[in-house]
Amino acid sequence: KIGFRCVGAGRPVVLVYGGLMASQHLLPLAGHLSSDFQVIVPDRRGRGMSGPYGAGAEVAGREAEDVRAVIDEVGAYAVFGLSSGAIVCLEALVAAPSITRAALYEPPRSVEGSTPLG
């Protein structure tokens, strides 16, 4: 089960928050966008209205599947991902042809060793 918050009216966009957040943290941004868009903020697994992580698949892949399911459900054309939510959005974009716009803020990735990972 993947729960989500929805505000506004218009073309649907999906906002995905970072790892140490929950959907309510993006509600102020959703409120600013709600006069022009229907803004959907899903709760990632293990948080808020969504079910537990469960066993098995790798977390980013599973959460990308969840975001794709929300995108398909609401007919979204755009996504915004913050921090680890940006990584989830990138994974989701691979199989989400309806998405024509993406904004990714501070995805936690090392580029050519810029951040030591070990």
Check your understanding: What are the two closest heavy atoms between Val16 and Leu26, and how far apart are they?
Key -> C-CD1, 3.9 Å
Check your understanding: Cation-pi between Arg11 and Tyr77: NZ/CZ under 6.0 Å from ring centre and within 45° of the ring axis?
Key -> yes
Study note, to complete from the structure: Separation between CZ (Phe80) and SG (Cys89), nearest 0.5 Å, reads 8.5 Å
**Study point:** Heavy-atom check, side chain of Val79 versus side chain of Leu93, under 4.5 Å
**Key:** yes
Practice item. Let me know which of Ile40, Leu82, Leu29 forms a side chain to side chain contact (heavy atoms under 4.5 Å, CB included) with Leu15. Key: Leu29
**Study point:** Heavy-atom closest pair, residues Pro107 and Ala86
**Key:** CB-CB, 3.7 Å
**Study point:** Ser98 side-chain N/O to Ala76 backbone N/O, donor-acceptor pair under 3.5 Å
**Key:** yes
Practice item. Check step by step if side chain to side chain donor-acceptor pair (under 3.5 Å) holds for Arg44 and Ser23. Key: CA-CA 8 Å; Arg44 292 170 64 181; Ser23 60; over 6 Å; no
Review point. How far apart are the closest heavy atoms of Gly75 and Pro12, and which atoms are they?
Key: O-CG, 3.4 Å
Point to revise | Close side-chain approach of Phe4 and Val14, heavy atoms under 4.5 Å | key: no
Revision key, fill the gap. Closest non-hydrogen contact found for Ala78 with Ile99 is N-CD1, 3.7 Å
Point to revise | salt bridge (charged side-chain N to carboxylate O under 4.0 Å, His left out) pairs, two or more places apart, involving residues 67-87 | key: none
Exercise for review: Please answer: with hydrophobic residues joined when any side-chain heavy atoms are less than 4.5 Å apart, are Val70 and Leu27 in the same cluster?
Suggested key: no
Review point. What distance separates Ile2 CD1 from Glu65 CD, expressed to the nearest 0.5 Å?
Key: 10.0 Å
Point to revise | Minimum-distance pair of heavy atoms, taken over all atoms of Pro108 and Ser84 | key: CD-N, 3.8 Å
Review point. Taking all atoms of both residues into account, what is the closest heavy-atom pair of Gln38 and Gly10, and its distance?
Key: CB-O, 3.5 Å
